[in-house]
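Just so we're clear, the structure is a prediction, and the values are computed from it rather than from any experiment. A, B, ... follow the sequence lines: proteins, then strands. Residue 1 opens every chain.
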Amino acid sequence: MSKKQKMVEAITPRDEDFSRWYTDICMRAELCSYSTVRGCVILRPYGYAIWELITSELDQRFKKTGHVNVMMPLFIPESLLQKEKDHVEGFAPEVAWVTHGGDEELTERLCVRPTSETLFCDHYADVIESWRDLPKLYNQWVSVVRWEKTTRPFLRTREFFWQEGHTAHATAEEAMKETLMILELYEEFYKSALAIPVLSGEKSESEKFAGAVNTYTVEAMMHDGKALQAGTSHYFGDGFAKAFNIQFADRDNQLQYVHQTSWGVSSRSIGGIIMVHGDDDGLVLPPAVAPIQVVIIPIAPHKDGVLEEAFRLKKTVENAGFRVKLDDSDRMPGWKFAEYEMKGVPIRLELGPRDIEKRSCVAVTRDNREKTVVPLDHIVEVLPEMLDDLNNRLYENAYERLTSRIYDVSDWDTFVQTIDEKPGFVRAPWCGEPECEVKVKDITKATSRLIDGDVGASHRCVVCDRPALHMVIWGKAY
RNA sequence: CGGGGUGUGGCUCAGGUGGUAGAGCGCUUGGUUCGGGACCAAGAGGCCGCAAGUUCAAGUCUUGUCACUCCGACCA
């Protein structure tokens, strides 16, 4: 304890106050900073670097599956936003409006995009004429604005960064296939790039996207047991196509409506990384999205040969394709250890006179603090394995936390008690009626996160005891 | 949008009954240090969130306002 108290700027322990711990990490790891606009954050270089890596990981996957990037305007005319009834109703309460250009009041006010379905639809109506124009597999990397009342860095900000994919297809089957393919893509991305296990499935009627026929979701469990909706993929059927008149001539020269999808993952995923992997010493980053994968700390750098050897080591590691930083500042080594742990750097290499004498360095892995003496000649062979192992440990630990905290219950009292007392998810049958979801939310604050398959009539709804239709994962969510 | 909390150097905070602002950390410079957040010395840095009001006099009292933060209702 006394050691901890000597720390210049310790963060709030995770188990003492989870949300304070979370904001402490955001600030101390220099991911972001509050801006003067309430509810908006400034992404600082380190936070932005993480986002860049996330975008690059996802973008590669989108490109591989045939998608191309575009850019839609920032503004949506009010009349355009209103074309699809459910869609407007869903977003109206949280849109920001532009009413003036200079001193002049606009004849039609413009909404700052909260999402771009209407813009894509308007454009698709313009450019799609024939079956030869399909499918359209578009994506865009932009920020959107939703005038949120309660905001938290990354998890809920008024402006946030994301990708939104919007596709148009000739048939319903093809559109549904796209919807589910993206869902799998997200699942795989979360697993291999972020080391975050997710549950995937369909949203209930009341939780689905405004204007969608079906919404599919990937849900992650944070360290405190709460759910984070980590990505969604929507099947629109031809609802938007009819509202926006997006038609094409098929092979028989018959006019048909297109079938559409949309899907997104946002900068909220950074919040997920923090809350799944972070610990009391700060951030823990999965190697794929760590801006610095290896940090080299020279010990006693003023002594002969130390810095030279450190630079040599840096070159070696860099040439092998790793993102590496050598901190040759005049901070104390202990300070640097703590600093890069705060920033979640996966591997630290300590290099001092004693190591150099033995032609080795000390490698320390961020998640378990394990120290390994590595011969300098072997560092390049050892690093990939260390990073890989670290990634696997992060995933395995998170997977264990997830699966061990999903509780199967079948009666109402146990249901309420479990949600109240045990952090995590509850799996219980549901009849499919929205009023049962409302009751669950009113009493427990938990919501249906996703539908985890259908069940036979032998199951009864955990709320109303009528025959159940679905097995549902319930939980409190961010 | 409701309830609570907080606004004083970059950060954390101290400033009984009003009398014109302080500490620690951080920062700068020089030196000694360097295997878990070093030490010494010398510096820089503040119209006390903002606006009215009371007063000879306001960081301190009154009112208003704004911002941030936490907890609830709504959402990625």
Side-chain angles (χ1 to χ4, degrees), chain A residues 3-12 17-20 22-24 27-28 33-41 89-95 114-115 143-164 186 203 206-210 215 217-220 227-234 262-272 281-282 297-303 306-307 327-342 348-356 361-362 364 369 371 373 438 441-442 445 447 476-478:
Chain A
K3 192 184 93 188
K4 288 272 178 203
Q5 278 168 356
K6 269 183 72 179
M7 303 273 246
V8 179
E9 288 172 87
I11 57 172
T12 309
D17 185 339
F18 194 77
S19 40
R20 202 171 289 275
Y22 175 80
T23 24
D24 280 356
M27 300 304 154
R28 284 283 293 113
S33 216
Y34 292 117
S35 81
T36 46
V37 181
R38 177 185 166 77
C40 295
V41 293
E89 281 173 12
F91 283 99
E94 49 183 2
V95 295
T115 178
S143 68
V144 289
V145 168
R146 298 181 189 175
W147 217 249
E148 299 290 349
K149 295 173 178 156
T150 308
T151 60
R152 304 187 64 190
F154 300 117
L155 301 177
R156 174 153 295 107
T157 47
R158 285 183 170 173
E159 180 187 19
F160 61 91
F161 306 90
W162 74 346
Q163 57 69 214
E164 43 178 320
Y186 284 161
K203 283 287 191 188
S206 59
E207 291 284 326
K208 75 182 192 189
F209 181 82
T215 288
T217 180
V218 287
E219 303 273 328
L228 187 76
Q229 183 173 305
T232 46
S233 184
H234 316 290
S262 89
W263 26 274
V265 160
S266 74
S267 44
R268 171 183 252 196
S269 53
I270 297 173
D281 292 322
I297 311 292
I299 309 295
H302 59 289
K303 291 194 177 151
V306 172
L307 265 186
D327 188 344
D328 62 343
S329 71
D330 58 5
R331 297 284 195 182
M332 297 270 83
W335 189 93
K336 294 176 184 174
F337 296 167
E339 185 64 17
Y340 294 100
E341 278 167 11
M342 177 62 68
R348 170 174 84 234
L349 298 181
E350 303 173 17
L351 185 72
R354 294 208 302 265
D355 304 299
I356 293 170
C361 64
V362 178
V364 187
R369 309 291 153 58
K371 295 194 177 190
V373 176
V438 172
K441 190 166 187 183
D442 286 349
K445 309 276 184 234
T447 49
K476 294 179 187 165
Y478 276 101

Should I297(A) and R348(A) count as side-chain neighbours, where that means a heavy-atom distance under 4.5 Å? yes

Give, for atom NZ of K203(A) and atom CD of Q229(A), the distance between the pair rounded to the nearest 0.5 Å. 4.0 Å

Taking side chain to side chain contact (heavy atoms under 4.5 Å, CB included) as the definition, give me every residue that meets it alongside K303(A), ordered by chain and number, with sequence neighbours left out. A300(A), V306(A), P353(A)

Distance in angstrom units between R348(A) CZ and rG37(B) P, rounded: 12 Å

Listed by chain and number, what are the salt bridge (Lys or Arg N to Asp or Glu O under 4.0 Å) partners of R331(A), not counting sequence neighbours? none

If you apply the rule side-chain contact (heavy atoms from CB on, under 4.5 Å), what do you find for Q163(A) with W263(A), and how did you get there? CA-CA 8 Å; Q163(A) 57 69 214; W263(A) 26 274; 3.5 Å; yes

What's T447(A) touching, base or sugar-phosphate or nothing? Going by heavy atoms closer than 4.0 Å. nothing

E339(A): partners by side chain to side chain donor-acceptor pair (under 3.5 Å), with sequence neighbours left out: none

Sticking with atom C1', work out how far rC50(B) lies from rC68(B), rounded to a whole angstrom. 14 Å

Answer yes or no: side-chain N or O of R369(A) and base N or O of rG36(B) forming a donor-acceptor pair under 3.5 Å. no

Pairwise C1' distance, rG45(B) and rA38(B) [rounded to whole Å]: 24 Å

Roughly how many Å apart are rU32(B) and rC70(B), using the P atom of each and rounding to a whole number? 46 Å

So what does G264(A) touch, heavy atoms closer than 4.0 Å: a base, only the sugar-phosphate, or nothing? nothing

Audit row: L228(A), L155(A), side-chain contact (heavy atoms from CB on, under 4.5 Å) steps and yes/no: CA-CA 9 Å; L228(A) 187 76; L155(A) 301 177; 3.8 Å; yes

Counting the atoms with a prime plus P, OP1 and OP2 as sugar-phosphate, which does F154(A) contact under 4.0 Å by heavy atoms, base, sugar-phosphate, or nothing? base

Pairs under 3.5 angstrom, nitrogen or oxygen only, protein versus nucleotides 27-30 of chain B, please.
unit_1, atom_1, unit_2, atom_2, d
rC27(B), OP1, R331(A), NH1, 3.3
rC27(B), OP1, R331(A), NH2, 2.7

Closest-nucleotide mapping onto RNA chain B: is L351(A) or K208(A) further toward the 5' terminus? I mean the 5' end. L351(A)

Mind checking the CE-CG spacing from M342(A) to D24(A)? Nearest 0.5 Å is all I need. 8.0 Å

Tell me, for nucleotides 67-74 of chain B in 5' to 3' order, what letter each nucleotide earns: B for a base near a protein heavy atom under 4.0 Å, S for only sugar-phosphate near one, - for neither? -SSSSBBS

C1' atom, rC71(B) versus rG15(B): distance in rounded Å? 31 Å

Reported CZ-to-NZ distance for the pair R158(A) and K149(A), which is rounded to 0.5 angstrom: 9.5 Å

Quantified in whole Å, what is the P atom distance between nucleotide rU17(B) and nucleotide rG72(B)? 36 Å

Output the distance between atom OG1 (T23(A)) and atom CZ (R28(A)), rounded to the nearest 0.5 Å. 13.0 Å

Not counting sequence neighbours, which residues clear side chain to side chain donor-acceptor pair (under 3.5 Å) with E148(A)? List them please. none

Apply ring pair (Phe, Tyr, Trp, His ring centres under 6.0 Å) to F18(A) and list each qualifying residue two or more places apart in sequence or on a separate chain. W21(A)

Which residues satisfy the side chain to side chain donor-acceptor pair (under 3.5 Å) test with T217(A), sequence neighbours excluded? E219(A)

Taking the side chain of H302(A) as heavy atoms from C-beta outward, which of rC34(B), rG37(B), rG36(B) is closest to it? rC34(B)

Identify whether any heavy atom of L228(A) sits under 4.0 Å from a base atom; if not, whether one sits that close to sugar-phosphate; answer base, sugar-phosphate or nothing. nothing

Work out how far the P atom of rU29(B) is from that of rA23(B), and round it to whole angstrom. 22 Å

When the P atoms of rU63(B) and rC25(B) are compared, how many Å lie between them, rounded to an integer? 38 Å

Value in whole Å for how far the P atom of rC34(B) lies from CD1 of I297(A): 17 Å

Which residues pass the salt bridge (Lys or Arg N to Asp or Glu O under 4.0 Å) test with D17(A), sequence neighbours left out? R20(A)

How close or far is atom C1' of rC34(B) from atom NZ of K336(A), stated in whole angstroms? 9 Å

Whole-angstrom distance between rU12(B) and rA73(B), as gauged at atom P: 29 Å

Under 3.5 Å between N/O atoms: give me all the protein pairs with nucleotides 38-46 of chain B, atom names plus distance.
none

Name the stems with RNA chain B in them: runs of three or more consecutive Watson-Crick or G-U pairs, distances under 3.5 Å? B:1-7 with B:66-72, B:10-13 with B:22-25, B:27-32 with B:38-43, B:49-53 with B:61-65

Find the distance E350(A):CD to rG36(B):P and express it as a whole number of Å. 8 Å

Heavy atoms only, 4.0 Å cut-off, all strands: where does E341(A) land among base, sugar-phosphate and nothing? base

Just to be sure I understand the rule, does V362(A) reach a base, reach only the sugar-phosphate, or reach nothing, if contact means heavy atoms closer than 4.0 Å? base

Checking T115(A) now: which residues fulfil side chain to side chain contact (heavy atoms under 4.5 Å, CB included) with it, not counting sequence neighbours? H87(A), F91(A), E117(A), R146(A), W162(A), E164(A), F209(A)

